[in-house]
Amino acid sequence: MDQNVLAGAAAVSRGVIIDFEKGRRVPGKNNLAAIRAALEAAGVDFINHSGVRLSAP
C-alpha cells in the first residue's frame with residue numbers, strides 16, 4: 001500500500017502519512033485511529049503494540 005492509497009483509505013492527507021513515516025510528528029488520536037483502521041481493513045494485524053503481521057487470507 002503506498003502513501004496515496006493509505007491516505008485515501010484513512011481519509012487523511014498524504015502529508016500526515018509522510019510526516020508520520022519520517023518521524024516529523026505523531027498524528028492525533030483520530031488520525032492514528034483512522035490509519036490503523038485502514039491498515040486493519042487491508043489485512044494488517046497489530047500484535048500487542050509490539051509488531052504487525054498480515055492476516056491469514
Side-chain angles (χ1 to χ4, degrees):
M1 175 181 297
D2 67 24
Q3 294 169 336
N4 289 323
V5 172
L6 178 56
V12 300
S13 73
R14 183 169 173 253
V16 168
I17 304 300
I18 291 169
D19 287 349
F20 183 37
E21 287 182 351
K22 291 189 174 199
R24 292 181 186 155
R25 66 178 169 157
V26 175
K29 287 183 182 183
N30 290 341
N31 284 350
L32 280 176
I35 292 167
R36 181 179 180 138
L39 290 170
E40 288 175 336
V44 174
D45 286 331
F46 289 83
I47 308 164
N48 298 326
H49 302 287
S50 64
V52 296
R53 67 176 173 214
L54 292 177
S55 303

In residues 6-13, what donor-acceptor pairs under 3.5 Å come from side-chain atoms, sequence neighbours left out?
unit_1	atom_1	unit_2	atom_2	d
Ser13	OG	Gly15	N	3.4
Ser13	OG	Val16	N	3.2

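- With sequence neighbours left out, Arg14 forms a salt bridge (Lys or Arg N to Asp or Glu O under 4.0 Å) with no residue at all.
- Contacts of Val44 classified as side-chain contact (heavy atoms from CB on, under 4.5 Å), with partners at least two apart in sequence or in another chain: Leu39, Phe46, Val52, Leu54.
- For the pair Val5 and Asp2, the tightest heavy-atom approach, listed with the atom from each and the gap, is N-OD1, 2.8 Å.
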Give the C-alpha distance, both sets of side-chain angles, the deciding distance and a yes or no for side chain to side chain contact (heavy atoms under 4.5 Å, CB included) between Ile47 and Arg53. CA-CA 8 Å; Ile47 308 164; Arg53 67 176 173 214; 3.7 Å; yes
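- Rounded to the nearest 0.5 Å, atoms CD (Gln3) and CD1 (Ile18) are 4.5 Å apart.
- Residues passing the side-chain contact (heavy atoms from CB on, under 4.5 Å) test with Val26 are Leu32, sequence neighbours excluded.
- Applying the side chain to side chain donor-acceptor pair (under 3.5 Å) rule to pairs touching residues 25-35 yields Asp19-Arg25, sequence neighbours excluded.
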